[in-house]
Amino acid sequence: MEQSNQSTKSPFLLHIVVIAFLLCFLINLAGIVQGIESWNWLLAAGYSPHPIWMMLKDAFFGLASLVTAILLWVRSPFAPRLAQVIAGLTFVSYWVARLAVTSNPLPFSAQLFPLLLSLFLLAFILLSAWLLEPYMQRTLQNADAREDDLGGQSE
């Protein structure tokens with residue numbers, strides 16, 4: 001009996017990763033709200049890229065982060081891979097926007113700390129999702145086994 005309780009208990013790492021994706025969702029949501037509030041100022045200042053692009057990007061990454069957090073929480077078997085893909089896309093999008101799309105006059109030495117920090121966060125999410133994959137598979141197998149047990153009892 002106690003062994004089944006341990007197998008259904010969520011690992012702490014799952015909580016951390018879900019919280020990270022929920023934070024990403026909230027950050028993107030705040031970006032959308034801020035963009036709407038300052039829309040006229042952004043247009044008057046000639047903000048590049050256009051505020052519509054900013055809204056679409058924030059909406060995509062916000063919804064993707066929310067869906068990933070939900071799928072991780074319900075222990076979907078493909079959620080760890082989705083988490084890795086969304087984390088990679090977020091990393092690439094952030095650095096493309098920071099270095100290529102916006103005109104950033106900072107030298108590379110000033111970009112080193114943000115680069116190392118974002119690489120650390122990316123590696124953490126990629127490794128965490130990889131470590132959670134067997135747990136998600138085990139949860140799916142346990143659910144299938146419980147379904148088989150219930151099916152045998154009802155007949």
Review point. Do the side chains of Ile125 and Phe21 get nearer than 4.5 Å, heavy atoms only?
Key: yes

Practice item. Compare all side-chain heavy atoms of Met54 with those of Ile32 and state whether any distance is below 4.5 angstrom. Key: no

Practice item. Would you list the pairs meeting salt bridge (charged side-chain N to carboxylate O under 4.0 Å, His left out) in which at least one residue belongs to residues 109-136, sequence neighbours left out? Key: Arg81-Glu133

Review point. What's the spacing between Leu132 CG and Leu14 CG if we round to 0.5 Å?
Key: 5.5 Å

**Study point:** Heavy-atom pair of closest approach, residues Gln84 and Ala129
**Key:** CG-CB, 3.6 Å

Practice item. Group every Ile, Leu, Val, Met, Phe, Trp and Tyr by side-chain heavy-atom contacts under 4.5 Å, then state whether Phe124 and Trp130 land in the same group. Key: yes

Check your understanding: side chain to side chain donor-acceptor pair (under 3.5 Å): which pairs involve residues 116-129, sequence neighbours left out?
Key -> Trp95-Ser118

Review point. Are Leu82 and Ile16 connected in a single hydrophobic cluster, I mean Ile/Leu/Val/Met/Phe/Trp/Tyr linked by side-chain heavy atoms less than 4.5 Å apart?
Key: yes

Check your understanding: Can you find a pair of side-chain heavy atoms, one from Leu43 and one from His50, that are under 4.5 Å apart?
Key -> yes

Revision key, fill the gap. Cluster membership besides Ile19, Ile/Leu/Val/Met/Phe/Trp/Tyr side chains within less than 4.5 angstrom, sorted by chain and number, is Leu23

Check your understanding: If every non-hydrogen atom of Ser93 is compared with every non-hydrogen atom of Lys57, which pair is closest and at what distance?
Key -> OG-CD, 3.6 Å

Revision key, fill the gap. CG of Leu126 to CG of Leu121, rounded to nearest 0.5 Å, is 11.0 Å

Point to revise | Partners passing side chain to side chain contact (heavy atoms under 4.5 Å, CB included) against Ala79 (at least two apart in sequence or in another chain) | key: Leu71, Leu72, Ser76

Check your understanding: So do Phe78 and Met136 actually touch side chain to side chain, heavy atoms under 4.5 Å?
Key -> no

**Study point:** Which residues share a side chain to side chain contact (heavy atoms under 4.5 Å, CB included) with Phe25, sequence neighbours left out
**Key:** Leu29, Ser65, Leu66

Study note, to complete from the structure: For His15, the ring-ring contact (aromatic ring centres under 6.0 Å, His included) test, sequence neighbours excluded, returns Trp73

Practice item. Find the distance between CG (Leu42) and CD (Gln34) and round it off to the nearest 0.5 Å. Key: 8.0 Å

Review point. Would you say Ile27 and Phe61 make side-chain contact, with heavy atoms under 4.5 Å?
Key: no

Point to revise | Hydrophobic cluster membership, Leu119 vs Val96, 4.5 Å side-chain cutoff | key: yes

Review point. With a cut-off of 6.0 Å (strictly less than), are more than 12 heavy atoms of other residues, nucleotides or ligands near CH2 of Trp39?
Key: yes

Check your understanding: Do Tyr94 and Leu112 belong to the same hydrophobic cluster, where Ile, Leu, Val, Met, Phe, Trp and Tyr are linked whenever their side-chain heavy atoms lie under 4.5 Å apart, directly or via other members?
Key -> yes

**Study point:** Cluster check Val92, Leu63: I/L/V/M/F/W/Y, side chain < 4.5 angstrom
**Key:** no

